[in-house]
Amino acid sequence: MLVPSCPTMRRARPTPPPPPPLLLLLLLVLGLLGHLADAETPPKFLRTPNDQTGVQGGVASFVCQATGDPRPKIVWNKKGKKVSNQRFEVIEFDDGSGSVLRIQPLRTPRDEAIYECVASNSVGETSATTRLTVLREDQLPPGFPTIDMGPQLKVVERTRTATMLCAASGNPDPDISWFKDFLPVNTTNNNGRIKQLRSESFGGTPIRGALQIEQSEESDQGKYECVATNNDGTRYSAPANLYVRELREVRRVPPRFSIPPTDNEIMPGGSVNITCVAVGSPMPYVKWMLGAEDLTPEDDMPIGRNVLELTDVRQSANYTCVAMSTLGVIEAMAQITVKALPKAPGTPVVTERTATSITLTWDSGNPEPVSYYIIQHKSKYSDDLYKEIDGVATTRYSVGGLSPYSDYEFRVVAVNNIGRGPPSETIEAKTAEQAPSTAPRQVRGHMMSSTTAVIHWDEPEEANGQIMGYRVYYTMDSGQHVNLWEKQIVRGSNFVTIQGLIPNKTYYIKVLAYTSVGDGPLSPDLQIITKTGVPSQPTDFRAEAKSETSVLLSWIAPAQTGQENQITGYELVYRKSDDAEEKHISFEPTTTYLLKELKPFTTYTFRLAARSKHGVGAYSNEISAETPQTQPSGAPQDVRCHSSSSTNILVSWLPPATELQNGIITQYTVQYAATEGEDTAPRQISDIPPGSSQYLLENLDKFTEYRVSVTAHTDVGAGPESPPQLVRTEEDVPSGPPRKVEVEALNSSSVKVIWRSPMPSKQHGQIRGYQVHYVRMVNGEPTGQPAIKDILIDDAQWEYDDSTEHEMVITDLQAEMTYSVTVAAYTTKGDGARSKPKLITTTGAVPDKPRLMVSATNMGTALLQWHPPSDNARPPAGLPASLWPQRHGSSDRYRVPRAGKPLHYQRDPQGGFLHVSPLGAQQGWFWRRDGQRGHHK
């Protein structure tokens with residue numbers, strides 16, 4: 001090391017003695033130490049990362065610290081390359097001594113690698129490596145550390161002690177360490193203020209490794225993690241925040257819930273908000289938890305109020321609201337129940353049965369309440385869908401309306417407010433027996449001889465059980481009660497031979513079937529004539545309407561033996577059900593017959609007998625059929641129309657004749673159309689109820705002729721229209737004014753008014769006359785009420801003529817006055833709209849003649865004297881050989897027509913006279929007054 005020399009001043013002084021050798025040695029050592037202190041040094045590790053085994057989804061942290069001069073820079077590499085991933089975070093120590101590589105969440109196998117910490121400065125470089133192993137939960141060895149109790153959010157006042165708890169287990173027992181804000185907590189460099197406890201108990205749980213912070217400071221505030229490590233691996237707890245608040249001298253109140261969370265029921269996939277509000281002093285922090293999982297971030301925990309927003313909820317769960325302050329921690333739970341479809345009820349059990357019902361009981365099969373049950377059932381051998389009985393409120397129900405002695409399938413479905421669940425197991429059940437509900441079918445017979453008959457039948461369609469046998473009743477007197485008839489009991493067969501009959505008689509035969517429960521109904525009478533070769537009754541005789549006028553008859557021909565007994569034809573008797581008159585028809589052998597030309601919507605009865613060459617057999621029992629409806633063949637009757645006002649017509653009618661209705665009348669239709677005017681389009685009113693017999697047509701044109709008809713309908717269609725009725729709506733006042741109104745002044749006291757009739761469509765009746773309204777106007781305003789002049793039209797002029805002009809002369813008017821004139825037409829209902837006012841001014845009046853006096857003077861002049869007319873309303877316009885005043889300026893001028901040329905004179909201002917010079921043919925003349933002269937050319 002070079003020591004710079006200091007400049008010195010040269011002055012005369014004594015020469016100093018040389019320094020001793022020991023002092024020189026001391027100076028040399030001091031210079032060497034100073035050189036060593038200023039020398040640069042390469043990096044040297046203070047702490048190197050350790051190998052770790054973590055769990056997938058967990059955390060791994062590697063700590064690396066180094067010293068050197070200058071201070072080394074720490075770089076982390078993975079497989080030789082600098083780490084770069086959003087899951088990889090490098091956190092620097094506050095003193096710059098190193099950093100922590102934090103990986104979260106861990107992924108396997110991609111995070112498994114050799115990681116390298118490189119410390120370098122300008123003098124040198126050094127590195128240290130570590131290995132990371134990541135295991136899945138199912139790969140963890142039995143002794144892998146487990147966090148039994150992690151730290152919880154804590155709020156502490158400054159200078160007070162805060163304890164962050166942690167409990168972990170494993171084999172061997174794991175060591176506990178702490179991280180704050182992702183950096184390891186140093187418990188040796190703070191004068192013992194921060195220390196790790198080795199033995200603690202919390203609620204009976206042994207705690208090893210709790211972190212105690214005494215005399216807490218604001219710098220202690222942060223996010224703390226507890227790390228458990230043993231030979232099998234490392235596990236991190238969930239982070240928890242420690243908040244350090246200022247001391248306050250206020251009333252201290254433990255936290256309490258002012259609005260606790262409430263339970264909710266929601267639909268699957270629904271949403272719900274749960275509100276939790278807590279108060280206290282200091283105000284508590286509020287967070288939500290689901291089991292052990294924190295739902296509220298520790299670094300974003302609200303104070304006092306926290307609303308948990310849940311969306312698309314699929315499962316029921318219990319959510320816990322936690323409120324905490326330095327004075328305590330409280331919890332409240334909210335149960336969120338997701339409604340679900342009910343489960344299948346238990347298998348139904350048959351507890352009772354009758355011929356028409358099955359009683360079932362079943363277990364609900366649901367822990368939650370069920371709204372109701374649905375019982376589904378169907379015939380076992382049917383392909384139909386299940387019938388359903390809805391709204392069953394109990395777990396026992398009797399299903400009725402079943403067929404006797406029939407097999408059914410049953411199952412039960414539970415329903416709640418979400419919907420219906422799956423059905424229960426299906427069971428089968430048979431209803432009990434019952435007496436037959438129908439008689440034996442197709443009872444038929446034939447004569448073996450004149451005294452012996454053979455009767456056949458088929459079993460009933462609804463036997464309702466096992467047929468035990470049949471009873472056959474027969475008699476010649478059908479009026480007797482059947483209990484008095486002869487009878488035979490038949491078991492095991494469907495026929496019987498009856499002997500000992502009386503020849504040439506008609507016998508009536510009935511058959512019934514019976515089960516172990518009872519007898520079924522008797523069959524209809526079978527008639528048989530005890531005569532050899534005569535056919536028995538046709539069987540299965542049926543009638544079916546094929547159209548509104550035809551019925552198809554069908555039957556099964558009687559059985560005959562031998563060629564001699566063959567059927568040669570049939571006899572048909574039919575009638576209307578309400579008519580006693582019967583009609584007879586004979587036709588050739590067949591088994592069907594189409595009877596035509598019947599009346600629609602009529603019930604007919606039919607009887608049929610077979611014929612052979614030996615005679616006509618017994619007629620079948622009477623059957624009936626009704627022909628279907630068709631549209632009516634007749635129109636409504638007695639249609640009448642009456643106009644009750646200028647816009648209404650009341651239409652009334654009676655139904656079509658009964659024999660022409662051909663069905664049930666379902667509605668009426670009224671058709672109407674104007675026969676004149678601009679709109680003659682036909683219109684109709686439909687869906688008039690069948691019970692109605694009148695209808696009011698409204699909003700019609702006034703004083704217009706209409707054609708009206710009525711139609712009746714059945715379900716099949718409409719019948720004919722009734723004959724049209726012509727009716728005219730009542731008159732009304734005209735809605736339009738007279739047209740082309742003109743007014744002309746004739747003289748000073750009269751005007752002439754000319755007009756034409758209103759538009760035809762706005763007359764609304766016969767125009768009977770006109771009214772002319774006129775009133776004198778002063779300054780644009782009428783004076784008094786209008787005067788009215790009336791003109792009546794003769795009957796001969798009532799026919800409309802659009803070109804006809806009407807006129808009226810109004811007299812007795814005042815001269816030079818303005819009048820307003822309007823015209824209105826009127827019908828028998830009154831006067832209508834007035835025309836627009838026309839203003840007209842009368843001419844000036846003609847004045848009376850003045851009184852003139854002429855006298856000569858002694859000066860060769862003439863003196864003319866006159867008196868003005870009494871009416872001076874207007875200056876005279878002038879007449880030949882007359883003098884008339886004419887105003888001009890401030891004097892009156894006059895003119896005298898003379899020789900075709902007027903001469904003007906000036907009137908004496910003092911009176912009505914003039915001085916005129918000799919009246920000659922000169923060019924000029926003179927006049928004078930009081931010695932004054934004037935000259936006028």
Side-chain angles (χ1 to χ4, degrees), residues 436 438-461 467-514 519-542 554-573 586-591 607-623:
T438 59
R441 296 171 295 156
Q442 297 185 15
V443 179
R444 55 204 181 273
H446 66 273
M447 297 301 299
M448 298 293 294
S449 68
S450 60
T451 60
T452 302
V454 178
I455 309 301
H456 292 262
W457 61 85
D458 294 336
E459 68 178 20
E461 186 173 3
I467 299 297
M468 305 299 294
Y470 298 90
R471 284 199 290 273
V472 180
Y473 297 85
Y474 57 97
T475 185
M476 290 185 294
D477 184 4
S478 62
Q480 287 183 325
H481 191 276
V482 71
N483 290 340
L484 301 177
W485 293 18
E486 301 289 334
K487 68 179 177 182
Q488 291 191 22
I489 297 176
V490 180
R491 293 186 178 90
S493 65
N494 286 19
F495 69 93
V496 67
T497 300
I498 303 176
Q499 298 177 334
L501 302 177
I502 299 175
N504 297 320
K505 297 293 183 178
T506 297
Y507 279 84
Y508 300 89
I509 301 169
K510 294 178 181 288
V511 184
L512 66 78
Y514 60 90
D519 296 344
L522 289 163
S523 66
D525 289 351
L526 170 68
Q527 298 179 35
I528 189 169
I529 297 176
T530 55
K531 182 178 179 181
T532 303
V534 174
S536 61
Q537 277 182 319
T539 58
D540 199 19
F541 186 33
R542 301 185 181 186
S554 62
W555 61 91
I556 296 176
Q560 292 294 312
T561 58
Q563 190 66 30
E564 293 295 318
N565 300 329
Q566 292 299 310
I567 294 174
T568 59
Y570 288 92
E571 299 294 327
L572 174 66
V573 177
S586 300
F587 48 87
E588 297 300 313
T590 182
T591 56
R607 293 186 298 126
L608 182 68
R611 183 180 67 246
S612 70
K613 69 179 183 179
H614 301 289
V616 177
Y619 277 90
S620 66
N621 294 323
E622 191 173 72
I623 64 172

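Between the side chain of Thr530 and the main chain of Ile502, a donor-acceptor pair closer than 3.5 Å is present. A donor-acceptor distance shorter than 3.5 angstrom exists from the side chain of Arg441 to the backbone of Glu459, with no hydrogens or angles considered. Of the possible donor and acceptor atoms, none in the side chain of Trp485 sits under 3.5 Å from a partner among the backbone N and O of Ser478.
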Would you tabulate the side-chain donor-acceptor contacts of residues 608-616 under 3.5 Å, counting partners in other chains and residues two or more places apart, or write 'none'?
| from | atom 1 | to | atom 2 | distance (Å) |
| --- | --- | --- | --- | --- |
| Arg611 | NH1 | Glu571 | OE2 | 2.3 |
| Ser612 | OG | Gly533 | O | 2.8 |
| Ser612 | OG | His614 | N | 3.2 |
| Lys613 | NZ | Glu564 | OE1 | 2.1 |
| His614 | NE2 | Glu564 | O | 3.0 |
| His614 | NE2 | Asn565 | OD1 | 3.2 |

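In terms of the side chain to side chain donor-acceptor pair (under 3.5 Å) criterion, Tyr619 has no residue partners (sequence neighbours excluded). Here Lys510 pairs with Asp525 under the side chain to side chain donor-acceptor pair (under 3.5 Å) rule; sequence neighbours left out. Under the rule for a salt bridge (charged side-chain N to carboxylate O under 4.0 Å, His left out), the partners of Glu622 that lie at least two apart in sequence or sit in another chain are Arg575.
Within the 4.5 Å cutoff, the side chain of Gln488 has no heavy atoms near those of the Arg471 side chain. Between Glu486 and Val472, every side-chain heavy-atom pair lies at or beyond the 4.5 Å cut-off.
The distance from atom CG of Asp519 to atom CG of Leu512, rounded to the nearest 0.5 Å, is 5.0 Å.
When every heavy atom of Thr438 is checked against every heavy atom of Pro521, the shortest pair comes out as C-CG, 3.5 Å. Ala618 and Ile528 make their closest contact through CB-N, 4.0 Å (heavy atoms, listed as atom of the first residue, atom of the second, distance).
The side-chain hydrogen bond (donor to acceptor under 3.5 Å, both in side chains) contacts involving residues 532-542 comprise Asp540-Arg542, where partners must be two or more places apart or lie in separate chains. Residues in residues 492-509 take part in no side-chain hydrogen bond (donor to acceptor under 3.5 Å, both in side chains) pair, two or more places apart or across chains.
Phe587 and Tyr570 have parallel rings, their planes meeting at less than 30° on a 0 to 90° scale where 60° marks the start of perpendicular.
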